Amino acid sequence: MSVNAAETPQQTSTPQKSGLISGLPWVAIAVALALLPMIFTSNSMISTLNYLGTMAIFALSYNVLLGQTGLLSLGHGTFFGLGGFIATHAVLHMADAGWNFPLPLVPLIGAAGALVLGFFGGWLASGRGGMPFAMITLGLAELVYAAAALFPSIYGSEEGISMDRMDLGASFGMDYGPTLDIYVIVAVWFLICAALLYFFSKTPLGLLANSVRDNAERVEFIGFSSKRVRMLAYAIAAAIAGVAGSLAALNFEIMTVNELGAATSTLVLLMTYIGGTKHFFGPVLGAIVIGLMKIWLSDISSAWMMYFGLLFIFVVMVQPAGLAGILMSGVTLMRSGTFKMQAPLLALIGLTGLATLVGIIVLTELAYRAGLDAGLGPQMTVLWLPLNATSVLSWGFGFVLVAGGVLTMRPLLDRLDTLRHSLGKGEMA
């Protein structure tokens, strides 16, 4: 009797502790979102944060398709752009009518419009997965992009459609002129969308989406429609993408047909895959990394698109789990108790990888300076290193770093595998 009474509080407290632990990441994210505008106070930085938050929502929506349902969509940017255009026209029409509509609720309008269009597109595309689905989504995206030129009143001409977000008046104690007000809207919508998508991943429909990803025929065999699951996942992803597009319209106060194009769809694909599709917040990490590369790296180097491609190739070949997978591997290693034994070898691998990366950057910048940027002259500075695009020494320096790194990395990785195999067998103390 006394033993059972003593064990009962422990059994009831365990779920509570697990619930608290699972809620810690959400609390940390909310605290980080509250602290970021206090750390980065300039308008340019807050505008950058708004862009990153918008892209994070966009990438999370795409992962509903790619990561959870196993669907490669080549036209997801269409719903981002359509959501933005719907929100822009909603603001313009409500302003003309003299309505004082709360601006933070405008993304609901973009989401509703994208949801309806997502159901239609999903009905057309979700009959099969794999390559047929990818080709159909690409065709639908190109159809919408081509049709934009036929409806200038909806999509505008080359200048796009612009609006003034302050026309709807003040609400919630904000007049929406400062970028900080838009940051508050983006941050709140990010938490809402992330929570909804996380909840979706735990629902029966979300679990069925995982089953369709893994084995669609077995899902059909047990009595569920794979097409219906794909269509619902497609519509949900479209709605969240519509929220992201609406937030982008509120942030920049303009939408152009370029947001509907293949570049937007390719960008969200890179963000999601590079961040990691197997981890819920992996696409957020990818959106932050790729977003910062797009904003800052493009101001530094003409070869910024090349680095996008190289990063994508690295993730595909070396770490298919993405950047989030690398971080989680590090966390697992720290918890394993064998980090101290592996640390020296990991440090050598890190230094070798860093040298190889420097060599790749040097060769890439030299190639661009010798080709597309030849008019700027051969003299250049890369990573604080003075280089010359016509000098054999500069090219040789880059080749030595890359070749030396590649030749050294393989033996180091083999030694690391041997060490981990030994530690796994318990051969070392």
Side-chain angles (χ1 to χ4, degrees), residues 40-52 55 77 158-160 179 248 251-252 254 256-259 261-271 273-275 285-319 323 348-410:
F40 305 102
T41 57
S42 66
N43 285 333
S44 61
M45 284 303 304
I46 293 178
S47 181
T48 299
L49 292 175
N50 292 342
Y51 172 76
L52 296 179
M55 290 297 104
E158 295 180 355
E159 295 83 11
T179 54
N251 184 35
F252 297 112
I254 187 172
T256 66
V257 293
N258 293 330
E259 306 300 332
T264 305
S265 299
T266 303
L267 182 63
V268 72
L269 170 60
L270 289 174
M271 288 178 174
Y273 193 85
I274 289 174
L285 179 60
I288 293 173
V289 172
I290 300 299
L292 290 176
M293 289 178 65
K294 182 180 178 182
I295 294 173
W296 291 342
L297 193 58
S298 60
D299 293 334
I300 299 173
S301 172
S302 302
W304 62 281
M305 286 296 292
M306 175 70 75
Y307 296 121
F308 275 11
L310 292 174
L311 180 58
F312 184 73
I313 292 172
F314 170 79
V315 170
V316 171
M317 297 183 63
V318 179
Q319 184 54 267
L323 300 179
L348 286 175
I349 292 173
L351 291 174
T352 303
L354 181 61
T356 307
L357 177 62
V358 171
I360 291 173
I361 293 174
V362 167
L363 292 178
T364 302
E365 295 299 327
L366 286 173
Y368 266 78
R369 182 55 63 92
L372 295 177
D373 296 338
L376 299 177
Q379 299 292 336
M380 59 189 304
T381 301
V382 178
L383 299 176
W384 302 281
L385 299 172
L387 300 174
N388 191 314
T390 60
S391 172
V392 177
L393 292 177
S394 296
W395 286 91
F397 173 69
F399 277 115
V400 168
L401 287 178
V402 173
V406 171
L407 294 176
T408 306
M409 184 66 74
R410 185 70 264 172

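This structure is a prediction, so every number in the text was calculated from the model and none was measured. For this chain, numbers begin at 1 and follow the sequence in order.
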Can you measure from [atom1] ([X]) to [atom2] ([Y]) and round to the nearest 0.5 angstrom?
{"X": "Ile274", "Y": "Ile313", "atom1": "CD1", "atom2": "CD1", "answer": "10.0 Å"}
{"X": "Leu310", "Y": "Thr364", "atom1": "CG", "atom2": "OG1", "answer": "5.5 Å"}
{"X": "Leu351", "Y": "Thr356", "atom1": "CG", "atom2": "OG1", "answer": "10.5 Å"}
{"X": "Lys294", "Y": "Leu52", "atom1": "NZ", "atom2": "CG", "answer": "11.0 Å"}
{"X": "Thr48", "Y": "Ile288", "atom1": "OG1", "atom2": "CD1", "answer": "12.5 Å"}
{"X": "Leu285", "Y": "Leu323", "atom1": "CG", "atom2": "CG", "answer": "5.0 Å"}

Name all residues meeting the side chain to side chain contact (heavy atoms under 4.5 Å, CB included) criterion together with [X]; count only those two or more places apart in sequence or in a different chain, and write none if there are none.
{"X": "Ser42", "result": "Ser44, Met45"}
{"X": "Asn43", "result": "Thr179"}
{"X": "Ala370", "result": "Ala389, Trp395"}
{"X": "Leu401", "result": "Ala355, Val358, Phe397"}

Task: Any donor-acceptor N/O pair, Thr256 side chain to Gly160 backbone, under 3.5 Å - done: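 Such a contact is absent between Thr256 side chain and Gly160 backbone.
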Open item on the list: By the side-chain hydrogen bond (donor to acceptor under 3.5 Å, both in side chains) test, which pairs, at least two apart or in different chains, include something from residues 310-319?
Closed with: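 Those involving residues 310-319 do not exist here.
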For [X], check side chain to side chain donor-acceptor pair (under 3.5 Å) against everything at least two apart and list the hits.
{"X": "Ser298", "value": "none"}
{"X": "Ser301", "value": "Glu365"}
{"X": "Asn258", "value": "none"}
{"X": "Glu259", "value": "none"}

- [ ] Identify the two heavy atoms, one from Glu159 and one from Ile254, that lie closest to each other, and give their separation to 0.1 Å.
- [x]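 For Glu159 and Ile254, the tightest heavy-atom pair comes out as O-CD1, 3.3 Å.
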- [ ] Considering non-hydrogen atoms only, spot the tightest contact between Ile295 and Tyr51 and give its length.
- [x] CD1-CD2, 3.4 Å
Report, one line per pair, each donor and acceptor closer than 3.5 Å where one atom sits in a side chain of residues 373-386; sequence neighbours left out.
residue: Asp373; atom: OD2; partner: Ser302; partner atom: OG; Å: 3.0

- [ ] Could you name each residue pair satisfying ring pair (Phe, Tyr, Trp, His ring centres under 6.0 Å) that touches residues 299-318, not counting sequence neighbours?
- [x]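 Residue pairs with at least one partner in residues 299-318: Tyr273-Phe312, Trp304-Phe308.
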TODO: Using a 4.5 Å cut-off on heavy atoms from C-beta on, say whether the side chain of Ile290 contacts that of Leu311.
DONE: yes
Open item on the list: Is any side-chain heavy atom of Arg369 closer than 4.5 Å to one of Asn388?
Closed with: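 No, every pair of side-chain atoms sits at 4.5 Å or beyond.
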Task: Met409 CE: over 12 foreign heavy atoms closer than 6.0 Å - done: yes
